[in-house]
Colleague: 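Below are the structure tokens for one structure; questions will follow.
Here is how names work: the chains are called A, B, and so on, in the same order as the sequence lines, proteins then strands, and each is numbered from 1. FYI, side chains are in, hydrogens and waters are out, and symmetry mates aren't considered; it's all heavy atoms of this structure.
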There are 2 protein chains.
Amino acid sequence: MTTATSTRELAHPTRDEIRLEGVLHALSDPMRLLIVREMAVAEADLACSYFTLPVTKSTTTHHFRVLRESGVIRQAYRGTAKLNGLRREDLDALFPGLIERVLEAAALEADRLGTDG
Amino acid sequence: MTTATSTRELAHPTRDEIRLEGVLHALSDPMRLLIVREMAVAEADLACSYFTLPVTKSTTTHHFRVLRESGVIRQAYRGTAKLNGLRREDLDALFPGLIERVLEAAALEADRLGTDG
DNA sequence: TCGTAATTACGAAGAGCGTCGTACAATGGG
DNA sequence: CCCATTGTACGACGCTCTTCGTAATTACGA
């Protein structure tokens, strides 16, 4: 109802509010791990529509929200799109090296299983 | 029914059967993370009764099983007790450095939050 | 053999998760 | 102004999870 154009704000946990258990849980889902892996290799933030997951848009929205609310990613509106990016700095400050190891482990497992990522 | 004394066998996933998502999920529960943290600082394998968790024994058994079936720990009977130990070699071979980072992150978070582990 | 300590099995309650479908909202372009 | 694009809200379904209580199992020791 406010007159501002892009007032759509998204709730993010502050760095202090991020919990290890929440991050691990967020990463323990195959779809979300896939999202995070694609996001990690990207230089810039990506729109949700960039990710082509074998689930509906509703489900995709749900997974993005879980990732955001756990502190793994940051989301911001830009026009009709919503840009997503890893919160690398926050995660590395809280859990040094953790994300890198998870990404590396995911890549190794993908190779090992012959699947992709 | 067999005449052997300690035939009680426990099903463990082979190294190849361990999945990253399963490991992350297993570690995403506070109780299980607590168990793994205590196990990590121990030199030898520990009995279930060593761990004093704020849940009942039934629940503790459940968590140990989740950890075993995800490949995080190994369990073996010895008398009336059941000894538990981290599968460090398997985990490090599959996901190099991952467990160490998780343990380190858990310790950092415990310090940060003033809780313990 | 009997008792005790350690752990499991089973069933159940309650909550949460992943998924979907449909209807809705916001933005930008013609 | 209308429409296409992008993403959300809501309700629902089935499944899994965490937790418990109680009964049962196993092994050791007296």
Colleague: Compare all side-chain heavy atoms of A:Ile18 with those of A:Phe95 and state whether any distance is below 4.5 angstrom.
Modeller: yes
Colleague: Would you give the length of the straight line joining atom CZ of B:Arg101 to atom CZ of A:Arg101, rounded to the nearest 0.5 angstrom?
Modeller: 5.0 Å
Colleague: May I have the step-by-step check of side-chain contact (heavy atoms from CB on, under 4.5 Å) for A:Leu86 and A:Val72, ending in yes or no?
Modeller: CA-CA 6 Å; A:Leu86 270 184; A:Val72 176; 3.9 Å; yes
Colleague: Quick one: B:Leu34 CG to D:dT19 C1', roughly how many Å, whole number?
Modeller: 17 Å
Colleague: Once rounded to the nearest 0.5 Å, what's the spacing between atom CG of A:Leu33 and atom NE2 of A:His63?
Modeller: 11.5 Å
Colleague: For A:Ser49, report the nucleic acid contact type (base, sugar-phosphate, nothing); a contact means any heavy atom under 4.0 Å.
Modeller: sugar-phosphate
Colleague: Within this structure, what is the CG-to-P distance between B:Leu83 and D:dA27, rounded to whole angstrom?
Modeller: 14 Å
Colleague: Does the side chain of B:Leu67 reach to within under 4.5 Å of the side chain of B:Val36, using non-hydrogen atoms?
Modeller: yes
Colleague: Kindly list each side-chain donor-acceptor pair under 3.5 angstrom involving residues 51-58 of chain A, sequence neighbours excluded, with atom names and distances?
Modeller:
| residue | atom | partner | partner atom | Å |
| --- | --- | --- | --- | --- |
| A:Thr56 | OG1 | A:Thr59 | N | 3.4 |
| A:Thr56 | OG1 | A:Thr59 | OG1 | 3.2 |

Colleague: Any protein N or O atoms within reach of nucleotides 23-25 of chain D? Criterion: under 3.5 Å, listing atom names and distances.
Modeller:
none

Colleague: Quick one: which residue pairs count as a salt bridge (charged side-chain N to carboxylate O under 4.0 Å, His left out) with a foot in residues 85-95 of chain A, not counting sequence neighbours?
Modeller: A:Arg15-A:Asp90, A:Arg87-A:Asp90, A:Arg88-A:Glu100
Colleague: If you assign A:His62 and A:Arg78 each to the DNA chain C nucleotide with the nearest heavy atom, which residue ends up on the more 5' nucleotide?
Modeller: A:His62
Colleague: Quick one: pull up CZ in A:Arg74 and CG in A:Asp45 and give me the separation to the nearest 0.5 Å.
Modeller: 5.0 Å
Colleague: To the nearest 0.5 Å, what is the distance between CZ on B:Arg112 and CG on A:Leu94?
Modeller: 4.5 Å
Colleague: Atom CG of A:Asn84 and atom P of D:dT6: how far apart are they, to the nearest Å?
Modeller: 14 Å
Colleague: Rounded to the nearest 0.5 Å, what separation is found between the OG atom of B:Ser70 and the NE2 atom of B:His12?
Modeller: 10.5 Å
Colleague: All N/O contacts under 3.5 Å from nucleotides 10-14 of chain C to the protein, with atom names and distances to one decimal?
Modeller:
none

Colleague: Tell me: CD1 of B:Ile35 to C1' of D:dT19, nearest whole Å?
Modeller: 14 Å
Colleague: Name the atoms and distances for all side-chain donor-acceptor pairs under 3.5 Å in residues 21-29 of chain B, with sequence neighbours left out.
Modeller:
| residue | atom | partner | partner atom | Å |
| --- | --- | --- | --- | --- |
| B:Ser28 | OG | B:His25 | O | 2.8 |
| B:Asp29 | OD2 | B:Met31 | N | 2.9 |
| B:Asp29 | OD2 | B:Arg32 | N | 3.2 |

Colleague: Taking only the side-chain nitrogens and oxygens of A:Thr61, find out if one of them lies under 4.0 Å from OP1 or OP2 of D:dG7.
Modeller: no
Colleague: Given atom CG of A:Asp45 and atom P of D:dT6, what is their separation to the nearest angstrom?
Modeller: 17 Å
Colleague: Find the distance between CZ (B:Arg68) and CD1 (B:Ile73) and round it off to the nearest 0.5 Å.
Modeller: 7.5 Å
Colleague: Round to a whole Å and report the spacing from NZ of B:Lys57 to P of D:dC20.
Modeller: 14 Å
Colleague: Under 4.0 Å from any atom of DNA chain C, heavy atoms only: list the residues of residues 63-76 of chain A that qualify, in numerical order.
Modeller: A:His63
Colleague: I need the CZ-P distance between A:Arg32 and C:dT19, as an integer number of Å.
Modeller: 8 Å
Colleague: Would one find a side-chain N or O of B:Thr56 under 4.0 angstrom from OP1 or OP2 of D:dG21?
Modeller: no
Colleague: Quick one: is B:Thr80 getting a side-chain N or O under 4.0 Å of the D:dT26 phosphate, OP1 or OP2?
Modeller: no
Colleague: Report the distance from atom CG of B:Leu33 to atom C1' of D:dC17, rounded to the nearest whole Å.
Modeller: 17 Å
